[in-house]
Q: 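Once you've had a glance at the structure underneath, I'll fire off some questions.
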There are 2 protein chains.
Amino acid sequence: MNVKKELFSPIKSKRTFEQVSGKIKTLIFDGVLKPGDRLPSEIELARQFMVSRQTIREALRILELSGFINVQKGGSGGPLIKDTILNTINNLFLDAFRLEKITAAELTFARIEIEKLVLYHVIDNAEASDIQALQQNIQKAKLKIESNAISADENIEFHNLLAKATKNPVFEIVVGSIEAVVRDLLTRLTPDIETSGDSTGYNEGMLKSKNAVSDHEAILNAILNKNREKACLLLEQHLREVGERLQSLMD
Amino acid sequence: MNVKKELFSPIKSKRTFEQVSGKIKTLIFDGVLKPGDRLPSEIELARQFMVSRQTIREALRILELSGFINVQKGGSGGPLIKDTILNTINNLFLDAFRLEKITAAELTFARIEIEKLVLYHVIDNAEASDIQALQQNIQKAKLKIESNAISADENIEFHNLLAKATKNPVFEIVVGSIEAVVRDLLTRLTPDIETSGDSTGYNEGMLKSKNAVSDHEAILNAILNKNREKACLLLEQHLREVGERLQSLMD
DNA sequence: TCACATTTGTCCGTATGTATC
DNA sequence: AGATACATACGGACAAATGTG
């Protein structure tokens, strides 16, 4: 154990690329760099930071994975500040769920409990715009189903919109992460049946998708009637069915 | 809108470093690479994957930030497979909380609701080992306080242990993320008073720390008595106080 | 439509600091 | 203390992609 390291602060604390990514991150936090802004090219960044291009690239990888920037190739391309980093969190959640070997049952159980909690606060805090967004979501899903398509994205989005209607961003993040896992499991496990444009009748996914939409509609109605108990019951029933589907798919 | 891109899968899917990091990630998911295993050096990886070192380095940056590996310098160093990626998630959560400008009140509110939920399932599902871990946590915190130190880490850990006692890893992840934000806020906002070894009496942090420990003890007792209502009430009161402290520190 | 400039993606070679044996 | 192994960082170069005129 080195005394110098213990008592005195590290002279060269972080690796260069970490300093670079940290600096840029700070600029974003402080609002100096805003979503939509474009960073200078790698070469220009290297010149300004007085480091090599390799170092800049490693810093950009960090920012990219953290969800702060997108990188576009070609003329007038370059690193672009993104508007949200939530999607990135969801991706990491996915990794964690796979690594921690979480079962469908555990996921469903927690999902039910947390979304019931969310539902409570939706009834209290939802604004007109939230209700409208939920209604639009259901309409969009219905349209998809009428045109013989699966409304998987819309069905997931419904739950995210619910969380948003709590008016508490923490719930948004938590639910968003869980929904991302559900979406991932569904898309990975559902066999894609090549029936686009083909009307050879319903398949399993279509039927489930349709049921989900009507479930959502019933839940929304219960919310509008401020009927907590009914809304909770419907939600639990709905999520339980989805959970059973997940379970069966994972066999 | 390019038809080729819409209908058919991408021919050249990903950048090389993404393919490399993806490949290694898969090996970890599949259990071929286990925690504690050491990856070959950058040069060796470059040779085996038949790519350049820069490409390998960018892949390693991704794996490092995703929490899959640690990188050690020096002889017989190299990339080391880590045992958990949860800490990384927490770091990204931190970014999100800062970026989304979440208030102390919103954080506290959600924390109370979610931890109350957790508490419910702790009473149902906690095993003897969980109870023991909670008791040890409290003892450790008491010892720290007796020796005039702040038990900040232990106090945060108490809540993580509660989540663990639900026996549902989803709750663990969710609570762990929230606690990481709380810890970050507390450590960043609390002025470090240089009184190590100095017994010039209590300061604000010490007092709060001590109160927290006795709160935790009371909560644990209520859990042992299977007294749901009391446990919930105590927890809510405790978290509300912490929340007020956060609020006052953020001014 | 087509050539051009810009920018990322990738490779190679080299030098340096640092931790381990 | 010296040798070794490794990550870190630099510079130059070319290919590929993409927007622009």
Q: Within less than 4.0 Å of OP1 or OP2 of D:dT8, is there a side-chain N or O belonging to A:Thr16?
A: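 It does not, given that no N or O in the side chain of A:Thr16 lies less than 4.0 Å from OP1 or OP2 of D:dT8.
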
Q: May I ask you to verify if any side-chain N or O of A:Ser76 is less than 4.0 angstrom from the OP1 or OP2 atom of D:dG19?
A: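 Answer is no, no contact under 4.0 Å.
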
Q: Evaluate whether atom NZ of A:Lys144 has more than 12 neighbouring non-hydrogen atoms of other residues, nucleotides or ligands under 6.0 angstrom away.
A: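 Atom NZ in A:Lys144 is packed in, count exceeds 12.
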
Q: State whether A:Arg53 places a side-chain N or O below 4.0 Å from either non-bridging phosphate oxygen (OP1 or OP2) of D:dC10.
A: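 For D:dC10, OP1/OP2 do not have a side-chain N/O of A:Arg53 under 4.0 Å.
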
Q: Counting side-chain heavy atoms from C-beta on, which of D:dA9, C:dG9, D:dC6 comes nearest to A:Val71?
A: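 In terms of side-chain proximity for A:Val71, the closest of D:dA9, C:dG9, D:dC6 is C:dG9.
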
Q: Anything under 30° is parallel, anything over 60° is perpendicular, the rest tilted; go ahead and classify A:Phe29 against A:Phe68.
A: perpendicular

Q: Expressed in angstrom and rounded to an integer, what is the separation of B:Glu58 atom CD from C:dT10 atom C1'?
A: 9 Å

Q: Look up atom NZ in A:Lys82 and atom CG in A:Asp37, then write down how far apart they are to the nearest 0.5 Å.
A: 15.5 Å

Q: For A:Gly74 and B:Thr55, take the nucleotide of DNA chain C holding the closest heavy atom to each; which residue's nucleotide lies nearer the 5' end?
A: A:Gly74

Q: Reckon A:Arg61 has a side-chain N or O less than 4.0 Å from the OP1 or OP2 of C:dT8?
A: no

Q: Tell me which of A:Gly77 and A:Phe17 sits closer to the 5' end of DNA chain D, going by the nucleotide each one is nearest to.
A: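 The answer here is A:Phe17.
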
Q: When the nearest nucleotide of DNA chain D is assigned to B:Gln54 and to B:Leu39 on a heavy-atom basis, which residue is associated with the more 5' position?
A: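 It is B:Leu39, whose closest nucleotide lies nearer the 5' terminus.
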
Q: In terms of side-chain geometry, is the basic nitrogen of B:Glu64 or A:Arg15 positioned less than 4.0 Å from the acidic oxygen of its partner?
A: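 Salt bridge: yes.
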
Q: Rounded to whole Å, please give me the gap between CD1 in A:Ile56 and P in C:dG9.
A: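 Going from A:Ile56 (CD1) to C:dG9 (P), I get 14 Å.
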
Q: Please tell me if B:Arg57 has a side-chain N or O lying less than 4.0 Å from either OP1 or OP2 of D:dA7.
A: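 Answer is no, no contact under 4.0 Å.
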
